Amino acid sequence: MSSSSSEVVAGSAAVGAPAASRALPNGLAAFLVFLSSGAVLVLETVSLRLVGPYVGVTLQVTSSVIGIALAAIAYGAWTGGWLADRRDPRGLLAPALVLAGIATAVTLPVVRYAGEVLRGGATSGILLLTALAVFVPAALLAAVTPLVVKLQLADLRRTGQVVGRLSGIGTLGGITATLVTGFVLVAALPSTVILVALAVLLGVTGLALGVYLRRREVAGLPGPARNKATLAVLGLVGAGLSAVAPNPCDVETAYHCARVASDPGRDSGRVLYLNSAEHSYVDLADPTHLEYAYTQWIGAVADVIAPKGQRLDSLHLGGGGFTMPRYLTATRPGTDNVVFEIDGELVELDRRLLGVRPGPELKAVVGDARMLVDGEPTASRDLVVGDAFGHLVVPWHLATREMAGEVRRVLRPGGIYVQNVIDHPPGRFIRSELATVAAEFRTVALIAPPAAIDGQVGSNFLIVASDGPLPLDALRQRLDALATPPDLLTDAGLAGFVDDALVLTDDYAPVDQLLATA
C-alpha cells in the first residue's frame with residue numbers, strides 16, 4: 001500500500017471516529033426509516049379515499065395522488081439531505097416526525113373543508129386537493145431517511161453498505177405499508193381512524209425520540225419552550241378540527257363513501273350517494289317507482305321483451321341501490337335476479353337502509369363482475385343489465401369488446417343487453433362504447449335525451465343490444481309514453497353518431513381519457 005493510500009484510510013478512520021459516537025443504534029435507525037417510508041405510502045393510499053367523495057376515483061385522480069406523493073418524496077429527501085449537511089441531524093429528526101404527525105392530523109379537516117369548494121372533475125381542483133392531502137406530511141416524512149443516513153455514515157469505507165441497507169429498509173417499509181393498508185386497514189377501519197392513528201403514532205414516536213436523544217445528551221426538540229408549546233397547540237388544533245370536520249359519508253366501505261338521504265318530496269323515497277355522486281333512487285314503499293330517466297328506459301326494455309307478470313332470468317352487473325332487481329321482482333314475480341356487486345359492505349347498507357331482501361328471487365354475489373361473469377352458464381339469461389360505475393365512470397375492464405363477448409355468451413338467443421353509460425360533450429366514450437358493443441352484437445340501439453345526442457349536455461345513455469332483432473317499434477311506443485320521451489337511435493342514425501369511434505379492447509381501453517371534457 002502506498003503512503004498516500006495509508007494516509008487516506010487513516011484520515012477516513014479519524015473522521016469516522018467521532019461520527020460513530022453520534023450515530024443512532026442500527027435498530028433504531030432502521031425503525032425510523034421503515035416507519036417514515038411506510039407512513040408515506042399509508043398517506044398515499046388513504047388519500048385516494050379522502051379525495052374520492054369530492055373529485056371521484058378516476059385514473060386522473062389516482063395519477064395525481066401518485067404524482068404528488070412522488071414530488072413530496074423528491075423534495076422532502078432533497079431538503080432533508082441539504083439540512084443534514086448544514087445542521088446536526090439529531091436535532092432535526094424528532095421535530096420532523098412530530099410535525100409530520102401534526103400535518104397528518106390536519107390533513108383530514110383541510111381536505112374535507114377544501115373538498116366542498118373544489119368538488120368536480122376539473123384538473124386544477126384535482127391537483128390542488130390531492131396536494132393538500134399528501135404533500136406536506138409526505139415531504140416531512142421523506143426528509144427523515146437522509147437525516148438518518150447522515151448520522152449512520154460513521155465509516156467512509158462502508159458508505160455504500162449503509163446507504164444501500166437503509167434504502168432497502170425504506171423500500172420494505174413502503175411495500176409493507178401498501179399491502180397492509182390495501183388488504184387490512186382500509187377494509188377494517190374508516191379513513192379518519194387510519195389517519196388519526198398514523199398521526200398519533202408519528203407524534204408519539206417523535207416525542208419519544210426527542211426524550212431518548214436528550215438522555216444521550218444531544219438535542220431533542222430544539223428551541224425555547226414557547227416553540228414546543230406551539231407544536232403542542234398545533235397538534236391539539238389539528239385533532240380538534242379533525243373531530244368537527246364535515247364527513248360526507250354515512251358509511252365508508254372498502255370502495256365507496258356511501259350515504260343514504262331521504263327525498264323531501266317523497267316520504268318513502270331514498271337516494272343513495274356513492275363518493276358524492278347521486279347513484280340510485282329507491283322507493284321503500286313502491287319498488288315499481290323508477291325515479292331516474294335511465295331506470296325508466298331499462299324498465300321500458302324489460303316491458304317490451306317480457307310482458308308484466310312473465311318471469312325473466314336476469315343478470316345485473318353492479319348493484320348500487322338494487323333498484324332494477326326490485327322492479328323486476330315486483331312486476332314479474334318469480335324472476336331470477338342475480339346481482340354482481342363488488343362492494344359487500346354496500347350490499348349490507350342496502351339491506352339495512354334500502355329494503356333489499358336477498359332470497360330465492362334475488363341473489364347478491366359479492367365480487368368483480370368481470371371475474372364472476374366468466375362463471376355464468378352459456379345461454380342462461382334473458383336480460384343482462386350493465387350498471388357498474390366507479391364514481392361516474394364505467395370501469396374500463398367492463399367496457400371492452402371481450403367483456404361484451406362474455407355478456408353475449410351468457411344471453412339466450414334473442415336475449416337483450418342494456419348498458420348504462422354516462423358521458424359529456426364531446427361524447428367520445430359513448431361513441432366508442434357503442435362501437436365496442438356493436439362489434440359483438442348484431443343489433444344495437446341507443447336511448448338518450450335529444451340534447452345529449454346533439455352534444456349539448458351530458459347525460460345517461462342506454463345501449464340496447466341483441467344477437468337477434470330488437471323490438472324497436474314496441475320500444476319506441478313505450479318510450480314515447482314516458483313523461484319526458486327520449487330519442488331512440490338506430491340503423492343509419494346510429495351509424496352516423498358512432499362514426500369511426502375506437503373499439504375498446506382489453507389491450508387498449510383509455511376510458512378516462514375518452515371521458516375528459518377538455
Side-chain angles (χ1 to χ4, degrees), residues 30-54 57 61-77 80 93 96-112 115 129-145 147-148 166-209 235 238-239 241-242 245 247 249 252-257:
F31 169 75
L32 293 176
V33 170
F34 187 92
L35 172 65
S36 59
S37 299
V40 172
L41 271 297
V42 174
L43 277 168
E44 183 179 334
T45 305
V46 176
S47 291
L48 280 168
R49 301 180 63 75
L50 282 183
V51 303
Y54 308 104
V57 185
V61 174
T62 303
S63 299
S64 296
V65 170
I66 295 171
I68 294 294
L70 289 174
I73 292 169
Y75 283 109
L93 278 171
L97 288 168
V98 172
L99 287 171
I102 293 172
T104 300
V106 172
T107 290
L108 275 169
V110 166
V111 169
R112 285 178 174 168
L129 194 60
T130 53
L132 290 173
V134 177
F135 190 85
V136 173
L140 288 165
L141 289 164
V144 170
T145 294
L147 294 174
V148 173
L166 291 176
S167 177
I169 289 171
T171 302
L172 289 174
I175 293 170
T176 303
T178 300
L179 295 176
V180 170
T181 305
F183 282 88
V184 180
L185 296 182
V186 166
L189 299 170
S191 299
T192 301
V193 175
I194 296 172
L195 281 187
V196 169
L198 179 63
V200 170
L201 175 61
L202 292 172
V204 169
T205 300
L207 292 173
L209 179 64
L241 288 175
S242 298
N247 190 340
C249 315
E252 189 174 344
T253 74
Y255 294 91
H256 300 105
C257 165

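These numbers were taken from a predicted model, which means no experiment stands behind them.
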**Q** Which heavy-atom pair separates A69 from E44 by the least distance, and what is that distance?
**A** CB-OE1, 3.6 Å
**Q** Could you pull out the closest heavy-atom pair between L97 and G206, with the gap in Å?
**A** CB-CA, 3.7 Å
**Q** Hey, can you pull the donor-acceptor pairs under 3.5 Å for the side chains in residues 174-182, sequence neighbours left out?
**A**
from, atom 1, to, atom 2, distance (Å)
T176, OG1, L172, O, 2.8
T178, OG1, G174, O, 2.8
T181, OG1, A177, O, 2.6

**Q** Which heavy atom in F34 sits nearest to a heavy atom in I169, and how many Å separate them?
**A** CD1-O, 3.7 Å
**Q** Please give me the minimum heavy-atom distance between V65 and S47, naming the atom from each residue.
**A**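 Answer, listing the atom of V65 first, then S47: CG1-CB, 4.4 Å.
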**Q** I'd like to check V46 versus L185 (side-chain heavy atoms, cut-off strictly below 4.5 Å). Are they in contact?
**A**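 The answer is no, as the side chains (C-beta and beyond) never meet within the 4.5 Å cut-off.
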**Q** Under the side-chain contact (heavy atoms from CB on, under 4.5 Å) test, which residues partner S37, sequence neighbours left out?
**A**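 Once residues adjacent in sequence are excluded, the partners of S37 under the side-chain contact (heavy atoms from CB on, under 4.5 Å) criterion are V33, T145.
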**Q** Please tabulate, for side-chain N and O atoms in residues 130-143, each donor-acceptor pair with protein atoms closer than 3.5 Å (sequence neighbours left out).
**A**
from, atom 1, to, atom 2, distance (Å)
T130, OG1, I126, O, 2.8
T130, OG1, L127, O, 3.0

**Q** To the closest 0.5 Å, what do you measure between OG1 (T171) and CG (L166)?
**A**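 So the gap between those two atoms works out to 10.5 Å.
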**Q** When rounded to the nearest 0.5 angstrom, what is the spacing between OG1 in T104 and CG in L99?
**A** 10.5 Å
**Q** Roughly how far, to the nearest 0.5 Å, is CD1 of I194 from CG of L50?
**A**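 Answer for the CG-CD1 pair, L50 versus I194, is 9.0 Å.
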**Q** About how many Å separate CG of L32 and CG of L147, when rounded to the nearest 0.5 Å?
**A**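 So the gap between those two atoms works out to 10.0 Å.
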**Q** Is it true that, when you exclude Y255 itself, more than 12 heavy atoms of the residues, nucleotides or ligands shown sit nearer than 6.0 Å to its OH?
**A** no
